There are 2 protein chains.
Amino acid sequence: MRARIEDVAVAAGVSMKTVSRVMNGEANVREGTRLRVTAAMEKLNYRPDPSARRLAGQRSYEIVLAYNNPSRNYLMDVVTGVLAASRSCHYNLVLSPISSPRDIDEIFVHAHPDGAVLTPPLTDDPVVIAALERHQLPYSCLSPLDRIARIGAYIDDVAAARSLVLELAALGHRRIGHICGAKGHGAREWRLAGYKQALKEVGLPYDRSLVVSGEFLFESGVDGARTLLGLKQPPTAIFAANDDTAAGVLRTAAELGLRVPHDLSVCGFDDTPVASQILPALTTVQQPITEMARIATLQLIDRIRDPKAGAMEQVDYRLIQRESVGPAP
Amino acid sequence: MRARIEDVAVAAGVSMKTVSRVMNGEANVREGTRLRVTAAMEKLNYRPDPSARRLAGQRSYEIVLAYNNPSRNYLMDVVTGVLAASRSCHYNLVLSPISSPRDIDEIFVHAHPDGAVLTPPLTDDPVVIAALERHQLPYSCLSPLDRIARIGAYIDDVAAARSLVLELAALGHRRIGHICGAKGHGAREWRLAGYKQALKEVGLPYDRSLVVSGEFLFESGVDGARTLLGLKQPPTAIFAANDDTAAGVLRTAAELGLRVPHDLSVCGFDDTPVASQILPALTTVQQPITEMARIATLQLIDRIRDPKAGAMEQVDYRLIQRESVGPAP
DNA sequence: CTGAAAGCGCTTACAG
DNA sequence: CTGAAAGCGCTTACAG
């Protein structure tokens, strides 16, 4: 039979309350007592009953992962990270797909979470944020626009995009196109900013006709490349806001009979599986998504335990050089 | 403040126990009483406290989704379906990645689920199944090898594969290659069986040299196509066990300078996003994965409530004809 | 630094 | 067909 807190208390020769104190890392337990209790927990292989904790403590020990419509690859990596961090702290993960911003209130019907992890673009949705504030729910963000007021994790998208474009310039490209990400995503703004910054550094003009809108989709790349490559003076390189978009660019290039990288250089962002599978393989930027999610979740748990704790942490990205980038023709 | 069962009881003029009966769909409640209670629940917007139910009932109302390493696209579709079904029945979803079959016991450390949904190939892993039986945990399967003894949902993979190959034969192909799926997956056996069956029906010989092993991966397609297209008498069509594999075939074909479908016809299976994004778009088979997951979860919940309930349901697939298949050269 | 009592919101026997 | 009591395994005040 499963050991209960009472069994541990008897085995350690203390009261239930003391076991509870040790279990929850509370202060005011003598070191010797603590050791006797942990030994008893160990020996009995004690695991607190989650339901009893929740009921008595009036807390759920649940963390909601709220997401709307990011790529599946991204989301699965996030899930892995959140799961790892929440389990290590005896929290449970509840998945909450959010189809409309108003759905955010649904969360509080299905569950009574102690906190939430948000993925972009929910991180920057005023309706979502307002709802969380109203419910006074602690939350943590992956790559939010606002890095000052939030806790969570992010990479320096601006610097990453800048390096990519600087590399293109170093290979002699003078007309470098950019297909933007979806509006409302921080990643759109940062990657565009990195693009502009790199141009300025190498003394290239910022030509608005070389920048087209997009949605982070394959189709964005197809359409964007048609526009860019149909210009009187088409670019010799295209920096796509993500790998899916870059894959679309490759498709259009193939349709137009352009060889990559001989006639056109292309780079993406994210290093999703398609980046290494497509022909030619994409030069891109790798984000440690699982690690970011893990860190953001740990920050959240810190904040749940102490409203003043938790921080916004920057993690490192990595440039992945493959075959889709070459010297300017 | 949140309504409790006691509040509902007072409002309806009955005891807590009667409210509990109505809530759990138990028998022996007079119709008039039932109506008064449901009206009171409605009016107070009553939601039972999950933790209290779990603690008192000694059940978790949790359903584990156990998965090891299927494709992310597949898994996200499964998650969507399981989530929909479990929520509609007031069950919670707990994700359980299983890296090694022995990890299955971990499930019972982190949670005390009322049931489990299994994805392939866990569905056919003797170690996993034995552990579930030992813990006497009800479980439901997606596309298990054994359709007789299990409950869950499946499509007729054999028939789907057969149609694909029959279509190739109808277009004049006489040498049709097959790159198999991973060992231990029912899908491997069924798709191979459908391939063989179609050949037999149209009077083509089964040539072992035209069938190569694979792992459902992009790389399987690259390697498999190199082998097949390097034969003295190479096939004019290749049926890949899934879309990722087919994408690999397309890559190798491009490297060898073969045009698809002019020089080589290719078809996949699953209709993942890559199938419509790759050039040329893949002829393939669409499985309603989300719907299958929803059905399998409902069957599981039936079985949780009654050990004799629950069934194995067949759902329909759909042939998707795109551009990767054409007449034999 | 430690403990005895009450209570979280339900369900489970049991009684009628 | 319905209800009063006990109990699920913890935590929260409160007391010492």
Side-chain angles (χ1 to χ4, degrees), chain A residues 1-38 40-41 44-62 89-92 109-112 114 304-305, chain B residues 1-38 40-41 44-62 89-92 109-112 114 304-305:
Chain A
M1 201 43 209
R2 226 185 133 160
R4 294 157 310 141
I5 192 172
E6 179 105 46
D7 304 324
V8 176
V10 170
V14 297
S15 71
M16 269 166 48
K17 175 60 200 168
T18 297
V19 177
S20 175
R21 281 197 182 90
V22 171
M23 188 158 58
N24 294 299
E26 289 172 31
N28 294 335
V29 181
R30 200 179 310 179
E31 192 51 26
T33 312
R34 179 183 302 280
L35 289 176
R36 283 214 313 285
V37 171
T38 46
M41 296 203 300
L44 297 174
N45 193 25
Y46 173 68
R47 319 252 167 206
D49 179 302
S51 301
R53 294 182 85 194
R54 291 173 200 190
L55 181 58
Q58 296 292 78
R59 289 190 289 155
S60 68
Y61 295 92
E62 280 179 342
C89 299
H90 300 290
Y91 277 76
N92 269 38
V109 173
H110 295 306
H112 297 272
D114 289 343
I304 288 170
R305 291 176 173 165
Chain B
M1 202 42 210
R2 225 186 133 158
R4 296 158 308 142
I5 192 171
E6 179 106 44
D7 305 324
V8 177
V10 170
V14 297
S15 71
M16 269 166 49
K17 175 60 201 169
T18 297
V19 177
S20 175
R21 282 197 181 89
V22 171
M23 189 159 58
N24 294 298
E26 290 173 30
N28 295 335
V29 181
R30 203 179 308 179
E31 192 51 26
T33 313
R34 177 182 304 280
L35 290 176
R36 284 214 314 284
V37 171
T38 46
M41 296 202 301
L44 297 174
N45 192 25
Y46 173 69
R47 316 251 169 207
D49 180 300
S51 300
R53 293 182 85 195
R54 290 173 200 189
L55 180 57
Q58 296 291 80
R59 288 191 287 156
S60 67
Y61 295 92
E62 281 180 340
C89 298
H90 300 291
Y91 277 76
N92 269 40
V109 173
H110 295 306
H112 297 271
D114 289 343
I304 288 170
R305 291 176 172 166

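Please read these numbers as outputs of a predicted model, since none were measured by experiment. Naming: A, B, ... by sequence-line order, numbering from 1 per chain.
The OG1 atom of A:Thr18 sits 10.5 Å away from the CZ atom of A:Arg30 when rounded to the nearest 0.5 Å. Going from atom OG of A:Ser15 over to atom CZ of A:Arg21 covers 7.0 Å, rounded to the nearest 0.5 Å.
In terms of position along DNA chain D, the nucleotide closest to B:Val14 lies nearer the 5' end than the nucleotide closest to the other residue of the pair B:Val14 and A:Arg4. Place A:Arg34 and B:Glu6 on DNA chain C by their nearest nucleotides, and A:Arg34 ends up nearer the 5' end.
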(request) Taking Watson-Crick and G-U wobble pairs with both distances under 3.5 Å, convert DNA chain D into its dot-bracket string, 5' to 3', dots for unpaired and | for cross-strand pairs. (result) |||.||||||||.|||
(request) Quick one, give me the B/S/- string for nucleotides 11-16 of chain D, reading 5' to 3', where B means a protein heavy atom under 4.0 Å from the base and S means that only happens at the primed atoms, P, OP1 or OP2. (result) BB----
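The interatomic distance linking A:Leu55 (CG) with C:dC10 (P) rounds to 9 Å, in whole Å. Taking atom CG of B:Leu44 as the reference point, atom P of C:dG9 lies 14 Å away to the nearest angstrom. Distance A:Arg47 CZ to D:dC8 P: 22 Å, rounded to the nearest Å.
For B:Thr33, whose side chain is taken as the heavy atoms from C-beta onward, the closest listed nucleotide among C:dA4, D:dC1, C:dC1 is D:dC1. In the set D:dG9, C:dC10, C:dT2, the nucleotide with an atom closest to the side chain of B:Asp49 is C:dC10.
Between A:Ser15 and C:dA4, a side-chain N or O to OP1/OP2 separation shorter than 4.0 Å is absent. Within the 4.0 Å cut-off from OP1 or OP2 of D:dC10, at least one side-chain nitrogen or oxygen of A:Tyr46 is found.
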Can I get a per-line list of side-chain donor-acceptor pairs under 3.5 Å for residues 4-14 of chain A, giving both atom names and the distance, sequence neighbours left out?
unit_1, atom_1, unit_2, atom_2, d
A:Arg4, NH2, A:Asp7, OD1, 3.1
A:Asp7, OD2, A:Arg4, N, 2.7

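Shown here are the side chain to side chain contact (heavy atoms under 4.5 Å, CB included) partners of A:Arg59, two or more places apart in sequence or in another chain: A:Tyr61, A:Tyr91, A:Asp114. Listed by chain and number, the residues in a salt bridge (charged side-chain N to carboxylate O under 4.0 Å, His left out) with B:Arg54 are B:Glu62 (sequence neighbours excluded).
The minimum heavy-atom distance between A:Val22 and A:Met41, with the atom names listed, is CG1-CE, 4.3 Å.
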